[in-house]
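Single-structure report; data block below.
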Amino acid sequence: STATETPIQAPAQAVAVDILGCNTSIDILNGMGEVTNAYVTVKNTGTVDLPKACTLLRAIDEGRAHPDKEVCVDNLPTQNQVNLKLTVDSTYRQDTIIQVDVTSNGGILLRVDKQSCRDISLFGGAPTDIGVIKPIQP
């Protein structure tokens, strides 16, 4: 008999990011002036859980590192999503081009750029379920 190779398909890690919108505010508690807040939904659309799933916000005009520029969840189960609020120190009254990175166990899974982040207040406001892991919504 002859041995045949059967390809083994590794479990797919798949992630999607929706940038819901942004707003600006003043961050006195951290000694910063204007900051840009981005509201994002991270979805695990793959077939394996994402341990140590982190989402990082960057801005082209970023100043000092803000303590909320990266938010992590211990585990993002398959077919689940989480809404997050991320914040960066940004330049006063300047359009802010943003980038969102999603990692799992330190490896980059997805990078999304947004040239113009729409004002979240014009589209229903900020989500009220920040940090809550729940099944993916259609």
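Around CG of D74, the count of heavy atoms belonging to other residues, nucleotides or ligands within 6.0 Å does not exceed 12. Atom CD1 of I133 sits in a crowded spot, with more than 12 heavy atoms from other residues, nucleotides or ligands closer than 6.0 Å. By the 6.0 Å contact criterion, CD1 on I26 is enclosed, its count of non-hydrogen atoms from other residues, nucleotides or ligands being greater than 12.
Hydrophobic clustering, with ILVMFWY side chains joined whenever heavy atoms are under 4.5 angstrom apart, keeps I98 apart from I108. Residues V40 and V73 fall within the same hydrophobic cluster, defined by Ile, Leu, Val, Met, Phe, Trp and Tyr side chains chained together at heavy-atom separations under 4.5 Å. Using a 4.5 Å cut-off between side-chain heavy atoms of Ile, Leu, Val, Met, Phe, Trp and Tyr, with links allowed through other members, L84 and L109 fall into the same hydrophobic cluster. L56 and V112 are not part of a single hydrophobic cluster, where members link through side-chain heavy atoms under 4.5 Å apart. In the hydrophobic cluster analysis, where Ile, Leu, Val, Met, Phe, Trp and Tyr join through side-chain heavy atoms closer than 4.5 angstrom, V100 is grouped apart from I97.
Taking a cutoff of 4.0 Å between a charged side-chain nitrogen and a carboxylate oxygen, D68 and K85 do not qualify as a salt bridge. A salt bridge links D101 to R58: one of the charged nitrogens lies within less than 4.0 Å of a carboxylate oxygen.
Considering L110, L86, V15 as possible partners of T55, the one that fulfils the side chain to side chain contact (heavy atoms under 4.5 Å, CB included) test is L86.
When atom types are taken as modelled, the side chain of D89 and the backbone of R64 share a donor-acceptor pair closer than 3.5 angstrom.
Note: M32 CE to H66 NE2 = 5.0 Å, rounded to the nearest 0.5 Å. The OG1 atom of T45 lies 6.5 Å from the CD atom of Q79; values are rounded to the nearest 0.5 Å. The distance from atom CG of N83 to atom CG of D129, rounded to the nearest 0.5 Å, is 4.5 Å. For the atom pair SG (C54) and CG (N105), the distance works out to 9.0 Å, reported to the nearest 0.5 Å. The distance from the OH atom of Y39 to the CG atom of L57 is 11.5 Å, given to the nearest 0.5 Å. Rounding to the nearest 0.5 Å gives a distance of 8.0 Å between OG1 of T128 and CD1 of I130.
Contact detail for P135 and N80: the closest heavy-atom pair is N-OD1, 3.3 Å.
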### Query
Can you list the steps and then say if K114 with Q99 is a side-chain contact (heavy atoms from CB on, under 4.5 Å)?
CA-CA 6 Å; K114 189 83 165 173; Q99 176 181 298; over 6 Å; no

### Task
I would like to know whether V42 and Q81 meet side-chain contact (heavy atoms from CB on, under 4.5 Å); could you show each step before the answer?
CA-CA 5 Å; V42 179; Q81 68 183 22; over 6 Å; no

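Of the N and O atoms on the side chains of N37 and S25, at least one donor lies less than 3.5 Å from an acceptor on the other residue. Side-chain polar atoms of T78 and N44 form no donor-acceptor pair below 3.5 angstrom.
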